Amino acid sequence: VVSAVILILIILGCLGAELIMTKDPAYMDLLNYNKAPNAEFLFGTDTMGRDIFSMIWYGGRISLLIGVLATLLSTVLAIVFGSVSGCAPEWVDSLLMRFTEIFLSIPNLLLVILLQAILGKASIFSISFIIGITSWPGIAKVVRTEVKQIRNSGYVIAAKCMGGSFWHVLWKHLTPNFASSIMFMVVMNVRTAMISEATLSFMGIGLPIEVITWGSMLSLSDKGLMTGSWWIILIPGLFLITTVLCLTNIGNACREQTNRKESNF
C-alpha cells in the first residue's frame, strides 16, 4: 500500500509537471551551472545550468511513458505468441518453445544494444519498440502454460463450436482467465523497461541529451563526479530507484495474491 501511494504521487507529479515546475527544464542558465540545492533551485542545477527539480518531473513523464509503451507491446506479443503455442499441435508448440528458449539465452541488454545500433539514432518510440520486442518471452511461457490448462474447458469448446474465431476465444475467454497470473510479470516489465532506458542513456547510446528523462540525467554523472556535484547523480538516481522499488513491491504483491487464490482453489 505504501509503495502504491508513493508511486501514485510520483506519477501525479510527472503528469502535472507544468503545475509544479519552478523553471523551464530545457533552459540552460549558464550563469548558474553546477549550483547546489538552494532556495531558487530546489534540487540544484546540472553542468548546463538546467534546473534539476523541473527536469525530474518533466523527465519522469517520458521515463514512465517508455516503460508503459514497452510493456504494452511486450504483453500483447507475449499473449499472442503464448496462446498460439498453447493451442497449436505438439510439434508446432515444441518448435515455438525452442525459439523462445533460444531468445531467452541471449542477454537482454546485449540484444537491446544491438538492435538500437541497427536502428541508429534513438527516439522515445524506437527505444520503447526495442525494449518491448525483447522482453516478451518470459510472459509468453507463462501464458502458454495457462492456455494449455484451460484450452479444453467447456466454455472454450462451446465458443469454438458456436463459430468463435481464435481471436474471439483468445480475448473473450482465455485472456481473462490467465490475466491475474501474468499481472506481476507485466508490472515487473514496466520496471525493467525503465531500467533499460536508463542504462542505455548512461552508456551514451540512449536518448539524446536534449530529451530529458531520468536516464539522460544520469548520463551526466561522469561530469557530476568530476566537479563534485553529488546532486546531479543522487537526485535522479533516488527517483529512479524509488519508482523501481515501488513497482517491484507491487509486482510481488500481485504474485502473492495470485498464489493465494490458486492455493484456495
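Note that this is a predicted model, so its numbers are computed, not measured.
Minimum heavy-atom separation, M97 to S85: CE-OG, 3.4 Å. Closest heavy-atom contact between L247 and V190: CD1-CG1, 3.9 Å. Shown here for S3 and N249, the closest heavy-atom pair between the two residues is OG-ND2, 3.0 Å. When all heavy atoms of T213 and S63 are compared, the closest pair comes out as CB-OG, 3.4 Å. Closest heavy-atom contact between G251 and F184: O-CB, 3.0 Å. The two residues I20 and G13 make their nearest non-hydrogen contact at CD1-O, 3.7 Å.
Classification of the F239-W57 ring pair by plane angle, with boundaries at 30° and 60°, yields perpendicular. The aromatic rings of F43 and F53 stand perpendicular to each other, their planes meeting at an angle above 60°, with 30° marking the opposite boundary.
Side-chain contact between D51 and M21: absent, with no pair of heavy atoms (C-beta onward) separated by less than 4.5 Å. Two residues are said to be in side-chain contact when any heavy atoms from C-beta on lie closer than 4.5 Å; R144 and L96 fail this criterion. When side chains are defined from C-beta on, L73 counts as touching F129, because their heavy atoms get closer than 4.5 Å. The shortest side-chain heavy-atom distance between I232 and N34 falls under the 4.5 Å cut-off. The side-chain heavy atoms of V143 and S83, taken from C-beta on, include a pair separated by under 4.5 Å. Counting heavy atoms from C-beta on, the side chains of C87 and V147 come closer than 4.5 Å. Here the side chains of M194 and L64 are in contact, with some heavy-atom distance below 4.5 Å. In this structure, the side chains of K141 and L104 come closer than 4.5 Å at one or more pairs of heavy atoms.
Put simply, CD1 on I130 and CG on L119 are 4.5 Å apart, with the number rounded to the nearest 0.5 Å. To the nearest 0.5 Å, the span separating CD1 on I195 from CG on L200 amounts to 12.0 Å. Taken from CD1 in I250 to CE in M188, the straight-line distance is 10.0 Å, to the nearest 0.5 Å. To the nearest 0.5 Å, atom CZ of residue F178 and atom CG of residue L170 are 6.0 Å apart. Note that CD1 of I10 and OG1 of T243 are 3.5 Å apart. Values are rounded to the nearest 0.5 Å. How far CG of L218 is from CG of L234: 10.0 Å, rounded to the nearest 0.5 Å.
Of the possible donor and acceptor atoms, one in the side chain of N189 sits under 3.5 Å from a partner among the backbone N and O of S135. No side-chain donor-acceptor contact under 3.5 Å links T134 to the backbone of V112. Put simply, the side chain of W214 gets close to the backbone of I56: a donor and an acceptor are under 3.5 Å apart. Panel note: side chain R61, backbone C14; a donor-acceptor pair is recorded below 3.5 Å.
The hydrophobic cluster containing L110 does not contain I102, counting ILVMFWY residues as joined when their side-chain heavy atoms lie under 4.5 angstrom apart, directly or transitively. Under the 4.5 Å side-chain heavy-atom criterion for ILVMFWY residues, a single connected hydrophobic cluster contains both V169 and V84. Hydrophobic clustering (side-chain heavy atoms under 4.5 Å, transitive across Ile, Leu, Val, Met, Phe, Trp, Tyr) groups I150 together with I139. When hydrophobic clusters are built by joining Ile, Leu, Val, Met, Phe, Trp and Tyr residues whose side-chain heavy atoms come closer than 4.5 Å, directly or via intermediates, M185 is grouped together with L77. Cluster annotation: V68 and M183 are assigned to distinct hydrophobic clusters (Ile/Leu/Val/Met/Phe/Trp/Tyr, side-chain heavy-atom contacts under 4.5 Å, transitive).
By the 6.0 Å contact criterion, CZ on F103 is enclosed, its count of non-hydrogen atoms from other residues, nucleotides or ligands being greater than 12. Surrounding NZ of K172 are at most 12 heavy atoms belonging to other residues, nucleotides or ligands under 6.0 Å away. Residue K35 places its NZ atom among 12 or fewer non-hydrogen atoms of other residues, nucleotides or ligands, all under 6.0 Å distant.
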Chi angles and distances behind the side chain to side chain contact (heavy atoms under 4.5 Å, CB included) call for L115, I133
CA-CA 10 Å; L115 292 175; I133 63 172; 4.0 Å; yes
Residues D46, F41; criterion side chain to side chain contact (heavy atoms under 4.5 Å, CB included); working and verdict:
CA-CA 10 Å; D46 65 6; F41 303 101; over 6 Å; no
Determine, step by step, whether M217 and I52 satisfy the side chain to side chain contact (heavy atoms under 4.5 Å, CB included) criterion, reporting the C-alpha distance in whole Å, the side-chain angles of both residues, the deciding distance to 0.1 Å, and the verdict.
CA-CA 9 Å; M217 294 173 71; I52 293 178; 3.7 Å; yes
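No hydrogens or angles considered: nothing links the side chains of N32 and T45 as a donor-acceptor pair under 3.5 Å. No hydrogens or angles considered: a donor-acceptor pair under 3.5 Å links the side chains of E197 and S201.
Using a 4.0 Å cut-off between charged nitrogen and carboxylate oxygen, D29 and K23 do not count as a salt-bridge pair.
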